[in-house]
Amino acid sequence: MAGKKVSLPKGMRDFGPQQVRKRQYILDTIREVFEIFGYQPIETPVMEQLSTLNGKGGAESDKLLFKVLNSGDFLKKADENALNEKASSKVIAQISEKGLRYDLTVPLARYVVMHQNDITFPFKRYQMQPVWRADRPQKGRYREFWQCDADVLGSESLINEMELIQIFERVFKTFNIPVKVHLSSRKLLAGMMELIGQEDKMIDFTVALDKLDKIGVEKVQDELRARGLNEKAVELIPSIAALSSEKDVMKSSFIAALEKTSNGAEGVREINTIMSRLDFACRSIIIIDPSLARGLDYYTGPIFEVKSELFKGSIGSGGRYDNLTGIFGLPNVSGVGISFGLDRIYDLMQEQNLFPDFSAASTKVLLTYFDEEKLPPLFGIVSMMREANIKAELYPAPVKLKKQFKYANDKGIPYVVLYGDEEADSGEFTIKDMEKGEQFKMDFEKLLEFLKQ
RNA sequence: GUGGUUGUAGCUCAGUUGGUUAGAGCGCCGGAUUGUGGUUCCGGAGGCCGCGGGUUCAAAUCCCGUCUUCCACCCCA
């Protein structure tokens, strides 16, 4: 038995049959909703040029990138000095020119730029594929995980934002997952920067502000000071924190103050427009949350994040980006998109027991194999069952019935049909209901009829 | 990337201050049942104690390294 030691790379996982069924259920549900809203599927390769992946994001996202070595004798082409100095980043540039995608948005931008002449705008596409990040794994953070994205490119209309929120609402309602969609706008943040007069510190402000619900007002203030933000910024934090108990955030004095800035006014208009267009079901799951600060640095307008009280961490997110294709040479294409985190939704549903019963998805009937004489009729029988769209399988060897029954039992097959000497003589099949433990005899016509139900 | 944590049978885990032959439950295989699973009873197989080094008369146990797991950061979806 002593098999060779096999293992998986850090953060990579296998999925067994039951897990795949559940994952496919999530994917199917999301896909169906995307399709209903008029999005069309695309797929892109797992690898992109590093130059594409580095198009956005700086040194930080570079750390998360899985790089792929060049083919051939790649070290020959590397600079000797760089090698001797062990200057990793210099060497990498010379021995690796492609990497695994770490999200689906950058590949989308690349796709749109490359196929701009074939695309009719607005371009509504969805994409459900794995992405990879060289992060240190922990709960809800995997090195290989799936994103389910829907994006609209080439339309500035806020109707798109509205529809994407409707998609969130519909998908999570189908899953019976109670969620809140946190809504804000990057422009609100820009407005705050105007208020404090430190427009250049937006990233630092954002990173610290994002931790508000986690570490509290004072620690955020400490971090702001450490990051070089002024006292005006520090004083903003308590009023932002107070918004969470506000019954109508948009009517708060904080928003009124923001509205006096040019960016802030624009952000307020965006949010009010989106809210005014949403029906009650969608409005009721929205939390206007100006402390919502996370998001990639390419977001420029409305931003969303989906959270559930049943799960730590977000299970969906999205936002508008005005110039994502600009870095690849196609300016003035505004886009907005959302993303579902398949793996986190899976974890949540698994923990909360929200998956439906998939037992009907497996084989419905197992035909036992007694001896070779019965094989020709058995082939015919199993074929006719399959013709009738009954999920049927024939046990592939004439082993002990005990073993064949155990196979059916372990696999959750609800019916076992026996065709041995007795049945061949009488012309009636024996069928056993595995759940009830009862068995009956019936002719083939009745058997088919019975199994079709 | 930083700090911590975990690893013993297929799985979940015991294993005393270092001390003979490393255990349990579940699962697996066989039999009771040569045409019947799931329940019951009886029997059996299965271990480089993550890997490498060190300390010791002696290491699953102590030390170092490494890989892996999970957690908290950093950051991020």
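Each chain gets a letter, A, B and so on, in the order the sequences are listed, and its residues count up from 1.
- Side-chain atoms of A/Gln404 and base atoms of B/G35 include no donor and acceptor less than 3.5 Å apart.
- Applying the side chain to side chain donor-acceptor pair (under 3.5 Å) test to pairs two or more places apart or on separate chains, those with a residue in residues 174-184 of chain A are A/His182-A/Asp289.
- Residue side chain A/Lys402 does not reach the base of B/U36 through any donor-acceptor N/O pair under 3.5 Å, judged by distance alone.
- Looking at residues two or more places apart in sequence or on another chain, you find a side chain to side chain donor-acceptor pair (under 3.5 Å) between A/Asp28 and A/Arg31.
- In RNA chain B, the stems built from three or more successive Watson-Crick or G-U pairs (distances below 3.5 Å) are B:1-4 with B:70-73, B:10-13 with B:23-26, B:28-32 with B:40-44, B:50-54 with B:62-66.
- Listed by chain and number, the residues in a side chain to side chain donor-acceptor pair (under 3.5 Å) with A/Thr363 are A/Glu393 (sequence neighbours excluded).
- Counting atom types as modelled, A/Arg141 pairs a side-chain N or O with a base atom of B/C75 as donor and acceptor under 3.5 Å.
- For A/Gln439 against B/U36, a side-chain N or O and a base N or O form a donor-acceptor pair under 3.5 Å.
- The residue A/Tyr407 sits apart from the nucleic acid: no heavy atom pair falls under 4.0 Å.
- The ring-ring contact (aromatic ring centres under 6.0 Å, His included) test applied to A/Phe168 returns A/Phe340, not counting sequence neighbours.
- The side chain to side chain donor-acceptor pair (under 3.5 Å) check on A/Glu445 picks up nothing, with sequence neighbours excluded.
- One finds a side-chain N or O of A/Lys211 lying less than 4.0 angstrom from the OP1 or OP2 phosphate oxygen of B/C75.
- Rounded to an integer number of Å, the gap from A/Lys10 NZ to B/U6 C1' is 12 Å.
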